[in-house]
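First up is the structure itself, then whatever we jot down about it.
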Amino acid sequence: MKKIGLIGGITWQSTKLYYEYLNTMVSEVLGGKHSCKCLIESVDFADISAKQNAGDWDTLHIQMAEIAKSLETAGADIILVCANTMHLSADKIKETINIPLLHIAEATGKSIREQGIQKVLLLGTKYTMELDFYKDILREQFGIEVLIPSPEDRDIVHQVIYDELAKGIISEDSKTQYREIIKKSESDGAEAVVLGCTEIPLLIQSKDCDIPVFDTTKIHAQTAVEFALAGMTQTK
């Protein structure tokens with residue numbers, strides 16, 4: 001089994017989802033007492049969030065790349081950044097390491113294309129929704145049209161992520177707001193919704209929506225497990 005290196009803590013609420021998904025998926029494939037071989041370096045999200053808010057992306061890129069390199073040195077065979085937004089650092093990470101970086105938008109785009117969906121609503125932090133680094137991958141590599149909410153709704157989505165989900169707060173009022181935002185997108189032709197923040201699955205699941213839901217956390221983890229177990233034989 002190959003070893004998965006995780007850059008976690010962005011936030012720890014979603015990092016625990018990754019750990020659960022990875023181990024559950026390995027156990028389901030291999031059976032018995034099997035679990036995932038992984039390394040986690042977990043950051044202080046208060047530090048990351050402050051730098052994001054200040055627009056200090058250059059420092060964050062260097063920080064992410066250094067962590068990825070340390071995971072490689074410790075024996076990781078692949079790197080996962082356990083956050084959609086911090087894939088803004090993907091290019092710098094790739095320049096620094098000699099092992100693959102599994103990009104969450106590429107894994108998600110492949111999953112969307114496999115289902116024949118051509119137009120999606122993207123929910124995430126303001127950085128993910130408003131900057132092009134994520135949308136461009138879906139559009140240019142997979143031919144997927146990407147919708148984002150109105151400015152007012154983007155504020156709601158972002159605020160819930162940082163002020164509630166990052167702290168483990170799950171609010172029924174916030175779930176209702178998210179569902180209303182998703183419902184609006186259907187009238188604009190959205191065929192599915194991409195949960196483009198790894199905390200959003202704590203709040204929204206498929207049962208909450210009338211259109212298909214792409215859980216980027218689960219998709220990312222599943223793709224990593226496929227890499228880690230490539231060529232291995234089931235034992236159950």
Side-chain angles (χ1 to χ4, degrees), residues 7 10-11 13-14 43 45-64 81-94 101 103-109 111-112 117-167 174-175 177-204 209 211 213-217 219-220:
I7 302 178
I10 326 170
T11 66
Q13 302 290 341
S14 60
V43 300
F45 184 62
D47 171 62
I48 300 296
S49 179
K51 289 172 182 171
Q52 290 175 338
N53 192 51
D56 191 6
W57 296 105
D58 288 342
T59 300
L60 286 168
H61 297 337
I62 293 168
Q63 185 175 351
M64 293 296 108
V81 180
C82 300
N84 284 270
T85 296
M86 286 317 304
H87 280 75
L88 274 162
S89 301
D91 289 343
K92 182 65 176 179
I93 292 171
K94 288 177 181 179
L101 168 72
H103 200 295
I104 196 167
E106 292 176 353
T108 300
S111 181
I112 295 168
I117 289 171
Q118 299 179 324
K119 193 172 185 178
V120 300
L121 172 68
L122 174 63
L123 299 181
T125 67
K126 279 189 177 182
Y127 315 114
T128 299
M129 292 186 287
E130 295 176 357
L131 300 178
D132 291 330
F133 74 103
Y134 201 97
K135 294 179 287 188
D136 281 352
I137 288 176
L138 297 183
R139 289 168 177 159
E140 295 172 8
Q141 294 189 29
F142 300 97
I144 298 164
E145 184 177 351
V146 181
L147 305 176
I148 60 173
S150 69
E152 296 77 16
D153 286 344
R154 293 201 293 271
D155 286 342
I156 292 170
V157 173
H158 184 88
Q159 177 269 323
V160 168
I161 291 168
Y162 278 80
D163 294 344
E164 297 178 15
L165 300 180
K167 301 174 183 177
S174 295
K175 176 177 285 194
Q177 289 180 302
Y178 267 55
R179 292 180 68 179
E180 290 172 352
I181 292 168
I182 294 166
K183 194 67 181 174
K184 289 178 193 175
S185 75
E186 294 179 44
S187 62
D188 294 325
E191 302 169 63
V193 56
V194 175
L195 307 184
C197 172
T198 53
E199 283 78 35
I200 296 178
L202 296 166
L203 183 69
I204 295 292
C209 304
I211 54 177
V213 170
F214 288 88
D215 177 345
T216 58
T217 311
I219 292 167
H220 205 200

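Residue numbers run from 1 in the order of the sequence given.
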**OP:** Could I get the full list of side chain to side chain contact (heavy atoms under 4.5 Å, CB included) partners for Ala192, not counting sequence neighbours?
**Re:** Ile117, Val120, Pro212, Phe214
Original post:
Who are the side-chain hydrogen bond (donor to acceptor under 3.5 Å, both in side chains) partners of Thr217, not counting sequence neighbours?
Top reply: none
**OP:** Would you sort out whether Gln63 and Asp47 count as a side chain to side chain contact (heavy atoms under 4.5 Å, CB included), showing the intermediate values?
**Re:** CA-CA 11 Å; Gln63 185 175 351; Asp47 171 62; 3.5 Å; yes
**OP:** Without swapping roles, check the side chain of His87 against the backbone of Ile104 for a donor-acceptor pair under 3.5 Å.
**Re:** yes
**OP:** Over all heavy atoms of both residues, which pair between Arg139 and Val146 is shortest? Give the atoms and the distance, please.
**Re:** NH2-O, 3.5 Å
Subject >> For Glu164, side chain to side chain contact (heavy atoms under 4.5 Å, CB included) partners two or more places apart >> reply: Gln159, Val160, Ile169, Ser171, Ser174
Subject >> Residues forming a salt bridge (charged side-chain N to carboxylate O under 4.0 Å, His left out) with Glu140, sequence neighbours excluded >> reply: none
Original post:
Could you go step by step and tell me if Met64 and Lys92 meet the side chain to side chain contact (heavy atoms under 4.5 Å, CB included) rule?
Top reply: CA-CA 8 Å; Met64 293 296 108; Lys92 182 65 176 179; over 6 Å; no
Subject >> Contacts of Lys126 that satisfy salt bridge (charged side-chain N to carboxylate O under 4.0 Å, His left out) - sequence neighbours left out >> reply: Asp155
Original post:
Say you draw a straight line from NZ of Lys183 to CD1 of Ile211; how long is it, rounded to the nearest 0.5 Å?
Top reply: 8.5 Å
Subject >> Residues forming a side-chain hydrogen bond (donor to acceptor under 3.5 Å, both in side chains) with His61, sequence neighbours excluded >> reply: Ser89
Original post:
Measuring from Ile161:CD1 to Leu123:CG, what's the distance to the nearest 0.5 Å?
Top reply: 8.0 Å
Subject >> Any residue meeting salt bridge (charged side-chain N to carboxylate O under 4.0 Å, His left out) with Asp136, in chain and number order, not counting sequence neighbours >> reply: none
Original post:
Residues in side-chain hydrogen bond (donor to acceptor under 3.5 Å, both in side chains) with Ser14, at least two apart?
Top reply: Thr198, Glu199
**OP:** Search all heavy atoms of Leu195 against all heavy atoms of Asn84 and return the closest pair with its distance.
**Re:** O-ND2, 4.3 Å
**OP:** Decide yes or no on side chain to side chain contact (heavy atoms under 4.5 Å, CB included) for Met86 and Ile7, but give the supporting numbers first.
**Re:** CA-CA 10 Å; Met86 286 317 304; Ile7 302 178; over 6 Å; no
Original post:
Taking all non-hydrogen atoms of both residues, which atom of Cys197 and which atom of Thr216 are closest, and how far apart?
Top reply: N-OG1, 4.2 Å
Subject >> OG1 on Thr11 to CG on Leu202, rounded to 0.5 Å >> reply: 7.5 Å
Subject >> Set of salt bridge (charged side-chain N to carboxylate O under 4.0 Å, His left out) partners for Glu180, sequence neighbours left out >> reply: none
Subject >> side chain to side chain contact (heavy atoms under 4.5 Å, CB included) involving Asp56 - partner list, sequence neighbours excluded >> reply: Lys51, Thr59
Subject >> Nearest-0.5 Å distance, CD1 of residue Ile181 to CD1 of residue Ile148 >> reply: 12.0 Å
Original post:
Does the Lys119 side chain pair with the main chain of Asp188, one donor and one acceptor, at a distance under 3.5 Å?
Top reply: yes
Subject >> Atom pair CG/CG of Leu88 and Asp132 - distance to nearest 0.5 Å >> reply: 10.5 Å
**OP:** Specify the closest pair of heavy atoms between His220 and Val81, including all atoms of both residues, with the distance to one decimal.
**Re:** CE1-O, 3.4 Å
**OP:** Identify, with sequence neighbours excluded, every residue that meets side chain to side chain contact (heavy atoms under 4.5 Å, CB included) alongside Ser187.
**Re:** none
Original post:
What's the shortest heavy-atom distance between Ile204 and Arg179, and which atoms?
Top reply: CD1-CG, 4.1 Å
Original post:
Quick one: ring pair (Phe, Tyr, Trp, His ring centres under 6.0 Å) pairs with a partner in residues 120-161, sequence neighbours left out?
Top reply: Trp57-Tyr127, Tyr127-His158, His158-Tyr162
Original post:
Could you state the interatomic distance from CE (Met129) to CG (Leu121), rounded to the nearest 0.5 Å?
Top reply: 9.0 Å
Original post:
Looking only at heavy atoms, which two atoms of Cys209 and Val193 are closest? And how far apart?
Top reply: SG-CG1, 4.4 Å
**OP:** Using atom types as modelled and distance alone, determine if a side-chain donor or acceptor of Glu191 lies under 3.5 Å from a backbone N or O of Gln118.
**Re:** yes
